[in-house]
Amino acid sequence: IVRVEVPPAGAKVQIVGDAGHGKSSALFALQRCMAGARYLYVPRPDLEPPPPIEDEDAPLLLDEAQRLPRARLAALLGSPRTVVLGTHDDLCALAPAMSTVRLQACSLKLLQAIVAARLDWAARARGPVPCPTPRLLEALLLTHGGDVRASEAALYLRYQGLHEVADVD
């Protein structure tokens, strides 16, 4: 449940946030809304080389953009194509006219909505579904801050230990 507006053709946008705050989710949402958009994930440079980036007109959605060499990023940002970066670092110095979307820490209300959407998606059949209590979700926020991915992982472990349908606390 990440809301990012579809940028106009040729725009440069960076989505900045800490791990687990929704950068990848925002990029995937944009990919569904932007015809022909190409999503690319930049792996850690110590594990594998960056992916090839073809010069084309299709919008580019680049996840973990801070891992790409600055010269390569600057060249992309200087191109006429639409470029949206998911990044931990503010990269505006490479393109001062670039728009910035800063993702904030997750609120209790947002975490409840995300978890409800995930549970709805994962439900195997109609009927009662174990739901986390607000107290548990508040504890997850205190423990993991805005890192939704870490909160989901902790919830997953709780759900694996369930033996019956009941509130998860």
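Any value given below was found using the heavy atoms of this structure, including those in side chains, with hydrogens, waters and symmetry copies removed. Small disclaimer: the values here were computed from a predicted structure and weren't measured.
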**Q.** Beyond-backbone contact of L62 with L73, side-chain heavy atoms, under 4.5 angstrom
**A.** yes

Q. Closest heavy-atom contact between L140 and A154?
A. CD2-CB, 3.6 Å

Q) What are the two closest heavy atoms between P130 and V165, and how far apart are they? A) N-CG1, 3.9 Å

Q: Indicate yes or no: at least one non-hydrogen side-chain atom of L103 is less than 4.5 angstrom from one of I15.
A: yes

Q.
Using the side-chain contact (heavy atoms from CB on, under 4.5 Å) criterion, which residues pair with A74? Sequence neighbours excluded.
A. L94

(Q) Going by salt bridge (charged side-chain N to carboxylate O under 4.0 Å, His left out), name the residues that satisfy it together with R38, two or more places apart in sequence or in a different chain. (A) E54

**Q.** Euclidean distance, E5 CD relative to C33 SG, rounded to 0.5 Å
**A.** 11.5 Å

Q. Can you tell me how far CD of Q66 sits from CG of D90, rounded to the nearest 0.5 angstrom?
A. 11.5 Å

Q | Residues that T100 engages under side-chain contact (heavy atoms from CB on, under 4.5 Å), provided they are two or more places apart | A | Q14, V16, C92, R102

Q: Please test T87 against K23 for side-chain contact (heavy atoms from CB on, under 4.5 Å), starting from the C-alpha separation and ending with a verdict.
A: CA-CA 7 Å; T87 177; K23 297 176 301 299; 5.6 Å; no

Q. Shortest non-hydrogen contact from D57 to R81?
A. O-CB, 4.1 Å

Q) What's the spacing between S24 OG and E64 CD if we round to 0.5 Å? A) 6.5 Å

Q.
Just so I know, are the side chains of L137 and L155 near enough to count as touching, which here means a heavy-atom distance under 4.5 Å?
A. yes

Q) Residues in ring pair (Phe, Tyr, Trp, His ring centres under 6.0 Å) with Y41, at least two apart? A) none

Q: Quick one: list whatever passes salt bridge (charged side-chain N to carboxylate O under 4.0 Å, His left out) with D169, sequence neighbours left out.
A: R135

Q: If a pair satisfies salt bridge (charged side-chain N to carboxylate O under 4.0 Å, His left out) and one of its residues is in residues 6-21, list it, with sequence neighbours excluded.
A: none

(Q) Once ring-ring contact (aromatic ring centres under 6.0 Å, His included) is applied, what residue pairs with a partner in residues 113-164 remain, sequence neighbours excluded? (A) none

Q) NZ/K109 to CD1/I114 distance, rounded to the nearest 0.5 angstrom? A) 12.5 Å

Q. How would you list, by chain and number, every residue that makes a side-chain contact (heavy atoms from CB on, under 4.5 Å) with E138, sequence neighbours excluded?
A. L108

(Q) Restricting to salt bridge (charged side-chain N to carboxylate O under 4.0 Å, His left out), what partner residues turn up for R44, sequence neighbours left out? (A) D46

(Q) Going by the rule side-chain contact (heavy atoms from CB on, under 4.5 Å), which residues pair with P7 if we only count those two or more places apart in sequence or in a different chain? (A) A11, V13, L30, M34, T82, V84

Q.
Can you pull out every salt bridge (charged side-chain N to carboxylate O under 4.0 Å, His left out) where at least one residue sits in residues 149-164? Sequence neighbours excluded, please.
A. R118-E152

Q.
Could you tell me if the side chain of M98 sits less than 4.5 Å from the side chain of L85, heavy atoms only?
A. yes

Q: Taking all heavy atoms of P132 and all of V115, pick out the closest pair and write down the distance.
A: CG-CG1, 3.6 Å

**Q.** Non-hydrogen atoms of R72 and I53 that approach each other most closely
**A.** NH2-N, 3.4 Å

Q.
Minimum heavy-atom separation for H88 and A19, please, with both atom names.
A. CE1-N, 3.5 Å

